[in-house]
**Student:** 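I am attaching a structure below and will ask some questions about it afterwards.
Just so it is clear: chains get the letters A, B, ... in the order the sequence lines come, proteins before strands, and each one is counted from 1.
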Amino acid sequence: MHRFPLPTKHLDIRRCVTSGQVFRWSQSQDGIWRGVDGGSWFKTERGEVTSNSPPEVFERLFRLDADAETLFPALLAAGPELEPYLDALPGLRVMRPSDPVEALFCFLCTPNNHIKRITAMIDHLAGFGPRGSDGVQRFPEIGAIAAIEESRLRGLGFGYRGATIPHIAAQLLEHGGRSYLAELSRATYREAHQELLSFKGIGPKLADCIALFALDHTEAAPIDTHVWQAVTRLYFPDWRDLPLTDVRYRTAGDFLRNRFGPNAAWAQQFLFYENQLNWRSRR
DNA sequence: TACGGACCTTTC
DNA sequence: AAAGGTCCGT
């Protein structure tokens, strides 16, 4: 058991874990945040973190090695238009989940879906994994997911994803499982993204989420409906309210990569959350 | 290559 | 209707 101070400077847990980057965190009535990531569990209370892992694991998860004092000026130099969003959301981080398998399958639950149902599905999926002696529900391995019957998942409310999730797990095993994912992590962003697109059920948006959160490619800039609104408002006004086609997806993502390079994911996070916070007032 | 429609289910 | 989309027809 470890206890250490919650590094509140440049870290706002609420915003990090409600921005759709991770799905196994929740806040209870008393304001305490509890989260699971890979084999680690965390609990934050009164400015203190309790965990089964040492502080370095927490710091890695919230990417605290990316120092805001140098990162924010770099983002602003490349994109001064981001200033109001950086000011409004100074504690937002791009998270770095520890387990690529967990991150990948969490994002397979997200397409054409909403957060509430996504977390319910992920809790069900986690239930297929082992429960540690410390009571932590570990996420299932790829093989365990591949073995789940489609009807079982449909019965749990997965809808058509009850078919794609075990199928993708089986495909992953054929490609080499975890070592294959490790290869994609070492490959370039572009190679990894293209490879992920070959899976049935993984399109450009999911491939970017997986490249970023499972494989740690920070050039990835997942463009969902919210980021699309922000990007068209700021950079592509002619495309406002137009549907997000493959070509537009590629163009917008390349634009963010050209502008922000390896910090594209940071720019994407601020654009996403800014739109989440303000879309109602703009209507 | 680009556009519609369907897809499971829950929530607003 | 729309949800942090994707696939499969035309």
**Student:** Base, sugar-phosphate alone, or nothing: which one does A:Leu244 contact when heavy atoms must sit under 4.0 Å apart?
**Tutor:** nothing
**Student:** Base, sugar-phosphate, or nothing for A:Pro204, non-hydrogen atoms under 4.0 angstrom?
**Tutor:** sugar-phosphate
**Student:** Please classify the nucleic acid contact of A:Ile118 as base, sugar-phosphate, or nothing, using heavy-atom distances under 4.0 Å.
**Tutor:** nothing
**Student:** Could one point to a donor on the side chain of A:Arg154 or the base of B:dC8 with an acceptor on the other under 3.5 Å away?
**Tutor:** no
**Student:** Out of B:dC3, C:dC8, C:dG4, which nucleotide sits closest to the side chain of A:Gln21?
**Tutor:** C:dG4
**Student:** Looking at B:dT9, I'd like to know if its phosphate oxygens (OP1 or OP2) sit under 4.0 Å from a side-chain N or O belonging to A:Lys116.
**Tutor:** no
**Student:** Give the nucleotide from the list C:dT6, B:dC8, C:dC7 with an atom nearest to the side chain of A:Asn112.
**Tutor:** B:dC8
**Student:** Hey, would you say the A:Phe255 and A:Phe236 ring centroids sit under 6.0 Å apart?
**Tutor:** yes
**Student:** From C-beta outward on A:Arg117, which listed nucleotide comes closest to its side chain: B:dC8, C:dC8, B:dC3?
**Tutor:** B:dC8
**Student:** Can you tell me how far P in C:dC7 sits from the matching atom in B:dT10, rounded to whole Å?
**Tutor:** 23 Å
**Student:** Report the distance from atom CD1 of A:Ile122 to atom P of C:dA3, rounded to the nearest whole Å.
**Tutor:** 18 Å
**Student:** In terms of side-chain heavy atoms of A:Val247, which of C:dT6, B:dA2, B:dC8 is nearest?
**Tutor:** B:dA2
**Student:** Select base, sugar-phosphate, or nothing to describe what A:Phe23 touches, counting heavy atoms under 4.0 Å on all strands.
**Tutor:** nothing
**Student:** Name the residue closer to the 5' end of DNA chain C, choosing between A:Asn113 and A:Phe199 according to the nucleotide with the nearest heavy atom.
**Tutor:** A:Asn113
**Student:** Once you round to the nearest 0.5 Å, how far does CD1 of A:Ile118 lie from CE of A:Met121?
**Tutor:** 7.5 Å
**Student:** Please pick, from B:dC8, B:dC3, C:dG4, the nucleotide with the shortest atom-to-atom distance to any side-chain atom of A:Tyr160.
**Tutor:** B:dC8
**Student:** Side chain of A:Arg248 only, heavy atoms from C-beta on: which candidate in B:dC7, C:dG4, B:dC3 is closest?
**Tutor:** B:dC3
**Student:** Would you mind checking if A:Glu102 and A:Arg138 are paired as a salt bridge, meaning a charged N to carboxylate O distance below 4.0 Å?
**Tutor:** no
**Student:** What's the closest nucleotide to the side chain of A:Thr225 if the choices are B:dC8, C:dG5, C:dG4?
**Tutor:** C:dG5
**Student:** At under 4.0 Å between heavy atoms, what does A:Gly20 touch on the DNA or RNA strands: base, sugar-phosphate, or nothing?
**Tutor:** base
**Student:** Are any non-hydrogen side-chain atoms of A:Met95 and A:Val22 less than 4.5 angstrom apart?
**Tutor:** yes
**Student:** Give a yes or no on whether a donor-acceptor pair under 3.5 Å exists between the nucleobase atoms of C:dG5, that is its base, and the side chain of A:Tyr249.
**Tutor:** no
**Student:** Would A:Ser151 and A:Glu149 count as having a side-chain donor-acceptor pair, cut-off 3.5 Å?
**Tutor:** no
**Student:** With C1' as the reference atom in both, quote the distance from B:dT1 to C:dC8 in angstrom, rounded to an integer.
**Tutor:** 15 Å
**Student:** Using ring centroids (six-membered ring only for Trp), state whether A:Phe72 and A:Phe270 fall under 6.0 Å.
**Tutor:** yes
**Student:** Suppose you measure atom C1' in B:dA6 against the same atom in C:dA2; what distance do you get, rounded to whole Å?
**Tutor:** 15 Å
**Student:** Give a yes or no on whether a donor-acceptor pair under 3.5 Å exists between the nucleobase atoms of B:dT10, that is its base, and the side chain of A:His114.
**Tutor:** yes
**Student:** Scan every strand shown for a Watson-Crick or G-U wobble partner of B:dT10, both distances under 3.5 Å, and answer none if you come up empty.
**Tutor:** C:dA2
**Student:** In whole Å, what separates the P atom of C:dA1 from that of B:dG5?
**Tutor:** 14 Å
**Student:** Using whole Å, what does the distance between atom P of nucleotide C:dG4 and atom CZ of A:Arg15 come to?
**Tutor:** 18 Å
**Student:** Rounded to whole angstroms, how far apart are CG on A:Leu242 and C1' on B:dA2?
**Tutor:** 13 Å
**Student:** Can you tell me the distance, in whole Å, between the CD1 atom of A:Ile210 and the C1' atom of C:dG5?
**Tutor:** 12 Å
**Student:** With the side chain counted from C-beta on, respond yes when A:Arg190 and A:His217 share a heavy-atom pair under 4.5 Å apart, and no when they do not.
**Tutor:** no
**Student:** Nearest to the side chain of A:Gln268 - C:dG5, C:dG4, B:dT11?
**Tutor:** C:dG4
